[in-house]
Amino acid sequence: MVKLYDVLLQDIRFQEGLNACMNCGVCTAICPASEFYKYDPRQICDLVQSKDEEKIEELLKSDTIWYCGQCMSCKTRCPRGNVPGLIIMVLRKVSQELGYFTESEKGRQQFAIKRVIGENILNTGYCAHVNILDPKMHPEQGPIWKWYKDNIQDVTDRLGANYNRLGPGALRKIPEENLAEIRKIYEVTGGMDFYNKIEKYSKEKAKDLKMSFDEQGINNEYFYHVYLENKNNHQK
Amino acid sequence: MEVKKHYWNQYQKEIADDDYFYERSCIRQTFFPGSETTFLRIMKEELGKNIMDDPNLHTCTGIGYHSDVVAFDTTQTVCARIFSLMTDSGLKNYVPSCVTSFGLFTELIETWKHFPEELEKTRENLRKATGREFELPTNIAHPSDVIFKFRKELKEKMKYQLVNKHTGKPLKVVEHIGCHYGKVFSQHSIGGAEFPHVLAGMIEEWGGEVVDYPERRHCCGFGFRQYLVMANRGYSVANTKKKFESMKPYKPDFIVANCPGCTMFMDKWQYTIAEMEGITYDEFGKGIPVLSYEEMAGMLLGYNPWDIGMQTHQVQVESLLDKIGVEYDPKDKYIGKSGNYIGEPEKPENLKV
């Protein structure tokens, strides 16, 4: 059986991110996630480099690996060139490939991100787009956002954009032939398989939790469950 | 005589003179399309540069990559397709509008330098998926790097300065370069992560004074998944709040940000904090205006604030315009391209407008 540590080591970002951590804790001192969550990047490095398979598996199933914000502040300060943020990216990848992510509240959120950001890339060619930012889902955007969305064509035309039309300019409609090439890239590079794994394991979890799960879109019980659930036990 | 050491000088980079390939940003297009328009206008009309805006461009996948739903091989190959569009255009100087994209492209360039097998794999993947080939750019610069490079030339054309017209004193400006501009690969940024100078250089050249507050380098709190999922947004607002509390004693006149996400968060979280806790970070309950660097440059060049998008901010900008003495027509603020009055947004309960 392949060891989890060896699986992690196959990713070049892991090779780059871990170079004999000496546990000084500088990364933790500068980490925004450490101030907010029960999170300590020093402990992540220490645990992973212990090569303790049982503890690595436990980590992959935990909320802990989902607390990092990937700001990469840790990269600027480590005296040995370690990058806990990169290690986290590899842990998250492996957690999703093995289906461990559905074991934790924060991990299950990957389903919501896949359905929104992941699908938007394939359908529109944008990660984020004005059309998917619903004021109800984003109350923090304030009344100005509702005004902007309600008057999107007239406002963005004034600002020199090309909203939802073909041709150059901001917010333009991306031609179908470009989207077709992006989808093909996803197929060739395993991006589609990765999406399918997130879907498969999330569907199984929804079944365990006896929640409704639609094959597409966000209007289903499981989506809102993972998007909104917060047990409030994540902070120090 | 003691001479102050300018540490940022240790982090210099080469920035191409002309002939740029512009990559639009998903976030900047969504929230600040006028900023991208303004950048291209400055490049073409003020500086006379050649810069291409290719309609076939698409996302770099950066937000998906850093929220861990897009696999690394996929991201590398999608980005390679963008490089292939640049190769087709005959241009070699790459200018990505987004700070997340900038960080990602510097990561790819460094990855491909140190792991040539990854570059070969990406070339094969792109060929297999699309039949395309690509060359690496000879120069990567964020648009703010380009503005920084030409800051003196632009100053000659500016109608206004970052000076309070009532007191004659420099405006106090908080600048925020965005984590992925300087923290991913410091050598690709002006001043690195520790001594940020790309925006500071503009501010100082254009008459302002940079506020060197304790949390200047702290993340805006985006955190990718920490904002994208509603249940996690406490992380995002808490980190931004930490910055506001740190800068408040210095009484900044405005904030200027490098990254479109940071610009949006520092604007919108002021509204959220005002509505949730009744707290604002200025003296008058209006909040601290937040501009993109393109808006700052366009404003000083005398562009109509409502043509560059300053009406789309939640924290109103008029207090800043009045301090500088920028001429504007209040009645023009909510006029659309059609020439019709399109109505005003609702007023927040606590944040004064």
Report summary line: To the nearest 0.5 Å, atom CD of B:E346 lies from atom CH2 of A:W147 at 13.5 Å
Report task. Name the option with the most non-hydrogen atom pairs under 4.5 Å to chain B; the candidates are A:P32, A:G167, A:G125. Result -> A:P32
Query raised in the report: Taking every heavy-atom pair that is under 4.5 Å apart, which of A:G169, A:G160, A:P139, A:C68 has the most such pairs with chain B?
Result: A:G169
Query raised in the report: How about A:P175 and B:N56: do any of their side-chain heavy atoms sit closer than 4.5 Å?
Result: yes
Query - Residue part contacting chain A, namely of B:I342, when any heavy atom lies under 4.5 Å - result: both
Report task. Check each of A:K93, A:Q70, A:K114 against B:D68 using the side-chain hydrogen bond (donor to acceptor under 3.5 Å, both in side chains) test, and report the only one that passes. Result -> A:Q70
Query raised in the report: Nearest 0.5 Å, what's the CD-CD distance between B:E275 and A:E140?
Result: 12.5 Å
Requested in this report: Could you tell me which portion of B:F115 (side chain, backbone, both or neither) has an atom closer than 4.5 angstrom to a non-hydrogen atom of chain A?
Outcome: side chain
Report summary line: Cut-off 4.5 Å, heavy atoms of chain B, and the answer for A:Y227 is both
Query - Check: B:R24 and A:R172 side chains under 4.5 Å, non-hydrogen atoms - result: yes
Query raised in the report: So, the side chain of A:D157 versus the backbone of B:K337: is there a donor-acceptor pair under 3.5 Å, distance only?
Result: no
Query raised in the report: Does any heavy atom of chain B fall under 4.5 Å from the side chain of A:Y163, the backbone, both, or neither of them?
Result: neither
Query raised in the report: Between A:Q141, A:E187, A:K184, which shows the greatest number of heavy-atom pairs under 4.5 Å with chain B?
Result: A:Q141
Report summary line: Turns out that what part of A:L133 lies under 4.5 Å from chain B's heavy atoms comes down to side chain
Query - Sidechain N-carboxylate O distance under 4.0 Å for B:D307, A:R158 - result: yes
Query raised in the report: Non-hydrogen atoms of chain A under 4.5 Å away: do they reach the side chain of B:L40, the backbone, both or neither?
Result: neither
Query raised in the report: Checking B:R41 against chain A: side chain, backbone, both or neither under 4.5 Å from a heavy atom?
Result: neither
Query raised in the report: Atom OG1 of B:T312 and atom CG of A:L159: how far apart are they, to the nearest 0.5 Å?
Result: 6.5 Å
Query raised in the report: Which atoms of A:A180 come close to chain B, meaning under 4.5 Å heavy atom to heavy atom: side chain ones, backbone ones, both, or neither?
Result: neither
Query raised in the report: For A:K173, is it the side chain, the backbone, both, or neither that has a heavy atom closer than 4.5 Å to a heavy atom of chain B?
Result: neither
Query raised in the report: What's the spacing between A:I182 CD1 and B:T59 OG1 if we round to 0.5 Å?
Result: 7.5 Å
Query - Check: B:E110 and A:E16 side chains under 4.5 Å, non-hydrogen atoms - result: no
Report summary line: Ranking B:V69, B:T130, B:T100, B:T37 by heavy-atom pairs under 4.5 Å to chain A gives rank one to B:V69
Requested in this report: Answer with side chain, backbone, both or neither: which region of A:Y126 has an atom nearer than 4.5 Å to a non-hydrogen atom of chain B?
Outcome: both
Query raised in the report: So which part of B:N239 gets closer than 4.5 Å to some heavy atom of chain A, the side chain, the backbone, both or neither?
Result: side chain
Report task. Name the option with the most non-hydrogen atom pairs under 4.5 Å to chain B; the candidates are A:E97, A:Q235, A:M72, A:H138. Result -> A:H138
Requested in this report: Measure distances from B:R81 to the heavy atoms of chain A and classify the residue's part below 4.5 Å as side chain, backbone, both or neither.
Outcome: side chain
Requested in this report: Quick one: closest heavy-atom pair of B:G62 and A:C127, and the distance?
Outcome: N-SG, 4.0 Å
Query raised in the report: Looking only at heavy atoms, which two atoms of B:K183 and A:S73 are closest? And how far apart?
Result: NZ-OG, 2.9 Å
**Report entry** Residue part contacting chain A, namely of B:R132, when any heavy atom lies under 4.5 Å
**Finding:** side chain
Query raised in the report: What part of A:V226 gets closer than 4.5 Å to chain B, counting heavy atoms only: side chain, backbone, both or neither?
Result: backbone
Requested in this report: Would you give the length of the straight line joining atom CZ of B:F185 to atom OG1 of A:T76, rounded to the nearest 0.5 angstrom?
Outcome: 13.0 Å
Query raised in the report: Looking at A:V130, A:N131, A:L171, which makes the most heavy-atom pairs under 4.5 Å with chain B?
Result: A:L171
Query - Cation-pi check, B:K242 onto A:F36 ring (under 6.0 Å, within 45° of axis) - result: no
Query raised in the report: Of the non-hydrogen atoms in A:A161 and B:P33, which two are nearest, and what is the gap between them?
Result: CB-CB, 4.0 Å
Query raised in the report: Would you say B:H218 and A:E35 make side-chain contact, with heavy atoms under 4.5 Å?
Result: yes
Query raised in the report: Among A:V188, A:N178, A:L228, A:D11, which residue forms the greatest number of heavy-atom pairs with chain B at distances under 4.5 Å?
Result: A:N178
Query raised in the report: What part of B:H313 lies closer than 4.5 angstrom to a heavy atom of chain A: side chain, backbone, both or neither?
Result: backbone
Query raised in the report: Any side-chain heavy-atom pair from A:Y37 and B:Q226 closer than 4.5 angstrom?
Result: yes
Query raised in the report: Where does A:Q96 contact chain B at under 4.5 Å (heavy atoms): side chain, backbone, both or neither?
Result: side chain
Query raised in the report: Would you say the side-chain atoms of B:E36 pair up with the backbone N or O of A:A170, donor to acceptor, closer than 3.5 Å?
Result: no
Report task. Show your working on ring pair (Phe, Tyr, Trp, His ring centres under 6.0 Å) between B:Y235 and A:H234 and close with a plain yes or no. Result -> CA-CA 11 Å; B:Y235 170 108; A:H234 306 286; over 10 Å; no
**Report entry** Whether B:T74 side chain and A:G191 backbone form a donor-acceptor pair below 3.5 Å
**Finding:** yes
Query raised in the report: Atom CD1 of A:I113 and atom CG of B:L228: how far apart are they, to the nearest 0.5 Å?
Result: 5.5 Å
**Report entry** Which portion of B:Y227 sits near chain A, non-hydrogen atoms under 4.5 angstrom
**Finding:** side chain
Requested in this report: May I ask you to decide whether B:E194 forms a salt bridge with A:R77, counting only side-chain N to carboxylate O separations under 4.0 Å?
Outcome: yes
Report task. Kindly indicate whether the side chain of B:Y271, heavy atoms from C-beta on, has any atom under 4.5 Å from the side chain of A:I144. Result -> no
